[in-house]
Amino acid sequence: MQLNCAGKMLDLNQPAVMGVLNVTPDSFSDGGCYLQPDAALRRAEIMAEEGAAIIDVGGESTRPGAPLVTVQEELDRVLPVVERLTRALSIPISVDTSKPEVMREAARVGAGLINDVRALQAPGALDVAAASGLPVCLMHLRGEPATMQQVPRYSDAVAEVYAFLAERVQICEAAGISRDRILVDPGFGFGKTLEHNLRLLRHLNRFTDLAAGVLVGISRKSMIGLLLNTPVTERLSGSLAAAVIALWQGAKIIRTHDVRETVQALCVCAAARAAE
Ligand code: 9MG
């Protein structure tokens, strides 16, 4: 299966790595590094050379406790970078946003995919995404980033996240976004304890029947830090282990800060999986 991302194809028949590019002053891992379009382009070029199949540009940090940004601030951060990268690179550029205004403008300057951690629930987002004709990634988030880690509770995290995503896929289809343009993501670390995250990873294959593909972002997240007792700068091995498990369980796209290493790990995993 291929996703048509504004004319650039994203091949889901092989593992795809999505490189993270935060154009924010405060993201938990690369905050402040790529605010200038020149720096963002240099980083994106490196990730493309390392094997990224798509690059995700975000202008609002979603780490717990991060401040909200206005529409104008987010537009000012994201648009010059999306436009520049779209022109310079042959791979698609996705926009990580929940704001319909940012979705609309990013699509206008060439974005190829809408990655929404709020699953198009903001007023107007569903209609703008449908009108854009772009593929979308619907992520599960319990609560809001500012408060999401305050005692998240589920009776069955896997069943509840599945039910939420199934409903969002249905709503998107009714709005005109066909299932073959939809990716789903259980949202590791977004309103989940370590135990919830581990159960979601263990049972990720349950989500594969929902849409065109499952996208997963675990790179450097606190679940890795909690398991290994390491700071954000020392979570590569754990992130790679999680990426391999996710791929083995049927994920199609892995969102990561460490593109080269993730591409290599997934290459080995995909070869073993193909030998089944
Ligand atoms: C923007 N962002 C941060 N973490 C993410 C994750 O796990 N998945 C997706 N789709 N987006 C994310």
Side-chain angles (χ1 to χ4, degrees), residues 15-20 22 27-30 54 56 58 60-66 94 96 98 115-119 136-154 156-166 168 182-208 210-211 213-232 234-259 261-262 265-266 269:
V17 168
M18 170 185 266
V20 177
N22 288 314
S27 287
F28 79 101
S29 186
D30 56 355
I54 181 165
D56 192 36
E60 178 177 41
S61 172
T62 47
R63 73 178 162 75
S94 95
D96 147 25
S98 298
N115 174 30
D116 185 3
V117 300
R118 294 177 182 81
V136 298
C137 176
L138 308 172
M139 199 196 81
H140 175 272
L141 186 166
R142 170 67 59 86
E144 269 299 309
T147 52
M148 64 191 177
Q149 288 308 102
Q150 291 169 6
V151 205
R153 285 209 179 85
Y154 301 81
D156 180 339
V158 176
E160 287 169 50
V161 172
Y162 184 96
F164 170 84
L165 291 173
R168 293 309 300 164
I182 302 176
L183 301 166
V184 290
D185 181 339
F188 288 97
F190 284 86
K192 284 126 191 148
T193 63
L194 175 60
E195 191 199 342
H196 300 140
N197 288 318
L198 291 173
R199 286 203 64 234
L200 286 164
L201 185 58
R202 170 71 184 82
H203 297 290
L204 196 68
N205 58 347
R206 300 234 193 120
F207 294 82
T208 55
L210 276 176
V214 173
L215 186 153
V216 158
I218 310 184
S219 170
R220 301 184 188 174
K221 283 192 178 167
S222 63
M223 69 178 277
I224 307 292
L226 284 171
L227 287 168
L228 304 180
N229 194 23
T230 52
V232 73
E234 290 167 40
R235 296 182 186 167
L236 175 61
S237 317
S239 302
L240 295 177
V244 163
I245 295 166
L247 187 75
W248 194 268
Q249 296 278 23
K252 301 271 190 210
I253 305 178
I254 307 292
R255 186 178 183 275
T256 182
H257 304 82
D258 302 294
V259 171
E261 296 86 348
T262 306
L266 297 186
C269 179

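Everything numeric in this text was worked out from a predicted model, so none of it was measured. Values reported hereafter were calculated over all heavy atoms of this structure, with side chains retained and with hydrogens, waters and symmetry mates removed.
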Asks: Is any side-chain heavy atom of Leu204 closer than 4.5 Å to a side-chain heavy atom of Phe188?
Replies: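 In contact.
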Asks: What verdict does the side-chain contact (heavy atoms from CB on, under 4.5 Å) test give for Val214 and Leu183, after you've listed the backbone C-alpha separation in whole Å, the side-chain angles of each residue and the deciding distance to 0.1 Å?
Replies: CA-CA 6 Å; Val214 173; Leu183 301 166; over 6 Å; no
Asks: Is the shortest side-chain heavy-atom distance between Arg220 and Asp258 below 4.5 Å?
Replies: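 In short, these two side chains touch, coming nearer than 4.5 Å.
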Asks: Thr230 and side chain to side chain contact (heavy atoms under 4.5 Å, CB included): which single residue from Val232, Leu228, Leu226 fits?
Replies: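 Of the listed options, the one satisfying the test is Leu228.
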Asks: On a heavy-atom basis, which atom in Ala243 and which in Thr262 lie closest, and how many Å separate them?
Replies: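 Nearest heavy atoms, Ala243 then Thr262: CB-CG2, 4.3 Å.
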Asks: Can you tell if the side chain of Gln249 reaches within under 4.5 Å of the side chain of Arg206, non-hydrogen atoms only?
Replies: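 They are not in side-chain contact.
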Asks: First locate atom CD1 of Ile218, then atom OG of Ser239, and finally report the distance between them rounded to the nearest 0.5 Å.
Replies: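 OG of Ser239 is found 8.0 Å from CD1 of Ile218.
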Asks: For the OH atom of Tyr162 and the CG atom of Asp156, what is their distance to the nearest 0.5 Å?
Replies: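 Spacing of OH (Tyr162) from CG (Asp156) equals 13.0 Å.
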Asks: If you take all heavy atoms of Pro152 and Gly191, which pair is closest and at what distance?
Replies: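 Here Pro152 and Gly191 meet closest at CB-O, 3.2 Å.
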Asks: So do the side chains of Met139 and Asp116 get within less than 4.5 Å of each other, counting heavy atoms only?
Replies: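 A side-chain contact is absent here, since even the closest heavy-atom pair is not under 4.5 Å.
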Asks: Kindly indicate, with the supporting measurements, whether the criterion side-chain contact (heavy atoms from CB on, under 4.5 Å) is fulfilled by Leu227 and Leu198.
Replies: CA-CA 10 Å; Leu227 287 168; Leu198 291 173; 4.1 Å; yes
Asks: With no hydrogens and no angle check, is any side-chain donor or acceptor of Thr193 less than 3.5 Å from a backbone partner on His196?
Replies: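 Confirmed, Thr193 side chain pairs with His196 backbone.
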Asks: Could you grab the distance from atom CD of Glu195 to atom CE of Met223, nearest 0.5 Å is fine?
Replies: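 Interatomic distance, Glu195 CD to Met223 CE, rounded to 0.5 Å: 12.0 Å.
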Asks: How about Leu200 and Val161: do any of their side-chain heavy atoms sit closer than 4.5 Å?
Replies: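 Yes, close enough: below the 4.5 Å cut-off.
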Asks: Determine whether the side chains of Ser94 and Asn115 contain a donor N or O and an acceptor N or O closer than 3.5 Å.
Replies: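 There is no such pair (donor and acceptor under 3.5 Å, judged by atom type) between the side chains of Ser94 and Asn115.
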Asks: Hey, does the Lys NZ or Arg CZ of Arg142 hover above the aromatic six-ring of Tyr154, less than 6.0 Å from the centre and inside 45° of the axis?
Replies: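 That pair qualifies as a cation-pi contact.
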Asks: With distance as the sole test, does Asn197 use its side chain to make a donor-acceptor pair with the main-chain N or O of Gly189 at under 3.5 Å?
Replies: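 Between the backbone of Gly189 and the side chain of Asn197 there is a qualifying donor-acceptor contact (under 3.5 Å).
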Asks: Answer whether the closest heavy-atom distance between the side chains of Met18 and Leu215 falls below 4.5 Å.
Replies: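 When only atoms from C-beta onward are counted, Leu215 and Met18 do touch, with a gap below 4.5 Å.
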Asks: Which heavy atom of Leu201 sits nearest a heavy atom of Ala242, and at what distance?
Replies: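 Closest approach of Leu201 to Ala242: CD1-O, 4.0 Å.
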Asks: Give a yes or no on whether a salt bridge exists between Arg255 and Asp185, defined as a side-chain N under 4.0 angstrom from a carboxylate O.
Replies: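 No, no charged N to carboxylate O under 4.0 Å.
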Asks: Can you check whether Val117 reaches Ser98 side chain to side chain, under 4.5 Å on heavy atoms?
Replies: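 Contact flag for Val117/Ser98 side chains = yes.
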Asks: Return yes if some donor-acceptor pair links the side-chain N/O of Glu261 with the main-chain N/O of Leu240 below 3.5 Å, else return no.
Replies: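 Between the backbone of Leu240 and the side chain of Glu261 there is no qualifying donor-acceptor contact (under 3.5 Å).
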Asks: Does any part of the side chain of Ile182, heavy atoms only, come nearer than 4.5 Å to the side chain of Leu138, both counted from C-beta?
Replies: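 They are in contact (side-chain heavy atoms under 4.5 Å apart), so the answer is yes.
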Asks: Applying the side-chain hydrogen bond (donor to acceptor under 3.5 Å, both in side chains) test to His140, which of Arg168, Lys192, Arg118 qualifies?
Replies: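 Of the listed options, the one satisfying the test is Lys192.
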Asks: Do you know the tightest heavy-atom contact between Ile224 and Gly238?
Replies: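 Looking at all heavy atoms of both residues, the closest pair is CD1-O, 3.5 Å.
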Asks: If only atom types and distance count, is the side chain of Ser219 paired as donor or acceptor with the main-chain N or O of His257 below 3.5 Å?
Replies: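 Yes.
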Asks: For Ala246 versus Val216, what's the shortest heavy-atom pair and its separation?
Replies: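 Taking every non-hydrogen atom into account, CB-CG1, 4.0 Å.
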Asks: Do you know the tightest heavy-atom contact between Val158 and Phe207?
Replies: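 Taking every non-hydrogen atom into account, O-CZ, 3.8 Å.
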